[in-house]
Amino acid sequence: MHQFLYVHAFLCCLSVAHSFCPSQCTCVVHGQTDGAGSRSVLCNDPDMSDIPLNVPVDTVKLRIEKTATRRIPTEAFYYLVELRYLWITYNSISSVDTDSFYNLKVLHELRLDGNMISMFPWESLKEMPRLRTLDMHNNRISNIPAEAIPYLLNITYLDLSSNKLATIPSDLMDIWPPFNGAPASANTAQKVILGLQDNPWFCDCKISKLIELSKMTDTPVVLMDLFLTCTGPENLASVLFQRAELDNCVKPSVMTSATKITSSLGSNVLLRCDATGFPTPTLYWTKSGGSPVNNTVQESPGEGIRWSILSLHGIMYKDSGNYSCKAKNVAGKAEATISLSVAGSISTTLPPLSASTETRTAIQNTTFILPTDVQDSAIMTPGLPKTVAPTPIPKKPKNTPSNNVQNTSPKEGKTQQVETSKNKKPPKSVKDLKIVEETSDTAVLLWTADGLPNDAPVKVVYSPYGEDDAERTMETRVGSGKVFMEGLSSGKRYSVCLVAKGSAAAKDPCIDFDTLGNEDSQLFIIISGIACALALPLIGLLVYKIVALYCKGRNPNLEEEELEKESYVKFETISMKQRTLNAHPTELWGRRQTQESERMLLCSRSSIDSQMTYKSDSSRSEYLC
């Protein structure tokens, strides 16, 4: 009996708690045919300055409108686990915490229009995975960071009109068709409504995709208002997006060195692509499946041009596939694909076995071709894979010694001597001494090294012929290959020798040479003077021709042809012709084909529950419903 009373009291308390309504709010329970109900709470007291904390936990729709509330605190709606509609409209909200909407897992619609929000915590949207409608028009938002893009992927109704946006990230447009690359058949299944009017747009390449979208007629993305206008730059002020033509704004265009490449196994491959566009596009490579590829080098030789080279070293079968070179700038993106095929087979040599010299030689000279399915493993595993076995080697008779020279026939012994003489390395030495550029008091000695290391020391010894007491020495390295001797006497014969450490030659190499006499030097000076006298007029004539060509100027058509030839990719430009769009703005709206479902979405802000309580006299009617 007592237990029954306790349960009854608990149910009564729970019923009272559910039926309790904040003093400054109005609560309404909407009955349904199955006996269940949903609760709506409206708080519109002008004296309310804080978000109410005692809202019934079974509330499905909460409206806080026309109050003095200035801030949405952390976890303000944590206990409202059934909340699907949250409207905080036309208050004085200027601060929204990052965790303000924590635990709103089933929230479908969030409206914050008519406030004074300048900085919105976009990362807070991840707490609302089912959110589809986000209305933030008539605030003070001036910037949408690129970090906000992942949190807007599932939004199908986004209203950012009547804010202070001058630009938006180019990547933001890539999450919606037709810029996201989704098939056209899939785009028609889901409409996206965007409200971007009444913002001070600066019309440049950064919003070129938005301008392009405004000129499209049949797309899954529907603009609430087609009359988007430019505020800047000065030459485009007050110009409709449909009539705006952007200067120096070109989508990327990509060209590859080849479309299909077949290369042999283990070789090195270089894949190149070139891109043009303005602003200068960035390039990156991906392999089949979209995985990024490193080992790339890229450079921009000029504005609007960039090339990239992908280097693949020692390719294997796993390196075959499609490699995509992707170019991207704020005006758009493009890509080109190169298909790489790997051909050939791997050869491997068996390791030496403990057998006779003849048997070991036969095994080492045998090459085994591996099947395709084990070739990759052969590269990674030293030695021969287990899947390949050599041909059985016949055993020698027991009485036949393996390394007995006496049992070798004369012919075999002669063959071994020939092979030994062939395998004998030539002696290490310095040779090919040569004197060049001798004058009356200097000379240059050249030589080559045969088998000696470059850092081996070498001594140069020279003296007048027959005068050993006047001998001089110089020390250098074998790798230098030359030495400059000075302080020589004119008209004399000299002898020079090279002494290299580690040389196996029987005798140090030497050479004799004569220095020039004074009369030879004078003749050399006279000949040099005559050559200069003949060269000066030719240089003057060449300078005259260069100056004449410079003054004449270059043909701009030839410059363009040369640019196209060098880059072998033509620039894609936007036409500068005047558009024949002379219709009145109301006619533009009238020509738009709007389905009834779209009209219902466009009219959602003018429903009975969300009538605007303030509208300036200068603003026009936003919807024709």
Side-chain angles (χ1 to χ4, degrees), residues 10-117 120-121 124-125 127-139 155 157 159 603-614:
F10 174 77
L11 292 176
C12 290
C13 292
L14 183 61
S15 176
V16 171
H18 280 190
S19 62
F20 178 78
C21 191
S23 59
Q24 295 173 301
C25 304
T26 302
C27 300
V28 178
V29 177
H30 305 279
Q32 298 180 3
T33 56
D34 58 356
S38 60
R39 186 185 302 274
S40 297
V41 177
L42 171 63
C43 303
N44 57 358
D45 190 335
D47 296 330
M48 178 181 288
S49 58
D50 296 306
I51 300 293
L53 300 178
N54 51 355
V55 178
V57 295
D58 60 345
T59 301
V60 174
K61 184 174 185 178
L62 174 60
R63 295 164 50 195
I64 303 174
E65 300 177 349
K66 299 175 290 184
T67 69
T69 306
R70 296 179 177 273
R71 176 174 174 268
I72 304 179
T74 300
E75 300 182 1
F77 315 100
Y78 174 78
Y79 54 91
L80 300 179
V81 294
E82 298 182 21
L83 193 64
R84 297 184 59 195
Y85 304 91
L86 177 58
W87 296 2
I88 309 176
T89 59
Y90 292 93
N91 299 280
S92 301
I93 303 294
S94 60
S95 175
V96 182
D97 290 351
T98 303
D99 296 326
S100 294
F101 310 108
Y102 181 73
N103 206 36
L104 297 182
K105 303 300 182 183
V106 298
L107 191 70
H108 181 81
E109 187 173 304
L110 175 62
R111 297 182 182 269
L112 297 169
D113 49 290
N115 288 285
M116 296 183 291
I117 301 173
F120 182 75
S124 65
L125 299 179
E127 301 294 341
M128 300 169 279
R130 298 189 182 181
L131 188 68
R132 297 297 178 267
T133 298
L134 178 60
D135 188 349
M136 300 186 65
H137 83 277
N138 198 6
N139 275 280
I155 303 298
Y157 182 98
D159 192 353
C603 298
S604 62
R605 274 185 9 206
S606 60
S607 62
I608 297 176
D609 285 335
S610 60
Q611 283 290 341
M612 293 175 57
T613 58
Y614 169 79

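For reference, positions follow the sequence shown, starting with 1.
Looking only at atom types and distance, the side chain of T89 has no donor-acceptor partner in the side chain of D113 under 3.5 Å away.
Under the 4.5 Å side-chain criterion, counting only non-hydrogen atoms from C-beta, R39 is in contact with C27. With contacts defined as side-chain heavy-atom distances shorter than 4.5 Å, the pair V57/V81 does not qualify. At least one side-chain heavy atom of L42 sits under 4.5 Å from a side-chain heavy atom of E65. Using a 4.5 Å cut-off on side-chain heavy atoms (C-beta onward), Y85 and R63 make no contact. By the 4.5 Å heavy-atom criterion applied to side chains, I93 and I88 are counted as neighbours. Counting only heavy atoms from C-beta outward, the side chains of I64 and P52 approach each other to under 4.5 Å. Using a 4.5 Å heavy-atom cutoff, the side chains of D45 and T67 are not in contact. No side-chain heavy atom of L104 sits under 4.5 Å from any side-chain heavy atom of E127.
Expressed to the nearest 0.5 Å, how far OH of Y102 lies from OG of S124 amounts to 13.5 Å. Between the OG atom of S94 and the CG atom of N139 there is a distance of 10.5 Å, given to the nearest 0.5 Å. Atom CG of residue L110 and atom CE of residue M136 lie 7.5 Å apart, to the nearest 0.5 angstrom. In this structure, CZ on R132 lies 7.0 Å from CD1 on I155, to the nearest 0.5 angstrom. Expressed to the nearest 0.5 Å, how far CG of L62 lies from CH2 of W87 amounts to 11.5 Å. With rounding to the nearest 0.5 angstrom, the CG atom of N103 is 9.5 Å from the CG atom of L80.
Smallest separation of non-hydrogen atoms from N115 and S92: OD1-N, 3.6 Å. Nearest heavy atom pair, residue M48 against residue C25, reads CE-SG, 3.8 Å. A pairwise comparison of heavy atoms in I72 and F101 identifies CD1-CZ, 4.4 Å as the closest pair. Among all heavy-atom pairs drawn from A76 and I51, the shortest one is CB-CG2, 4.3 Å. Counting all heavy atoms, side chain and backbone alike, R130 lies closest to V106 at NH1-CG1, 3.9 Å.
Summarising the local packing, CZ of R70 is surrounded by 12 or fewer heavy atoms from other residues, nucleotides or ligands at distances under 6.0 Å.
Taking the six-membered ring for Trp and thresholds of 30 and 60 degrees, Y90 and H137 have ring planes more than 60 degrees apart, a perpendicular arrangement.
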Check against side-chain hydrogen bond (donor to acceptor under 3.5 Å, both in side chains), D97 and T74 | CA-CA 6 Å; D97 290 351; T74 300; 3.1 Å; yes
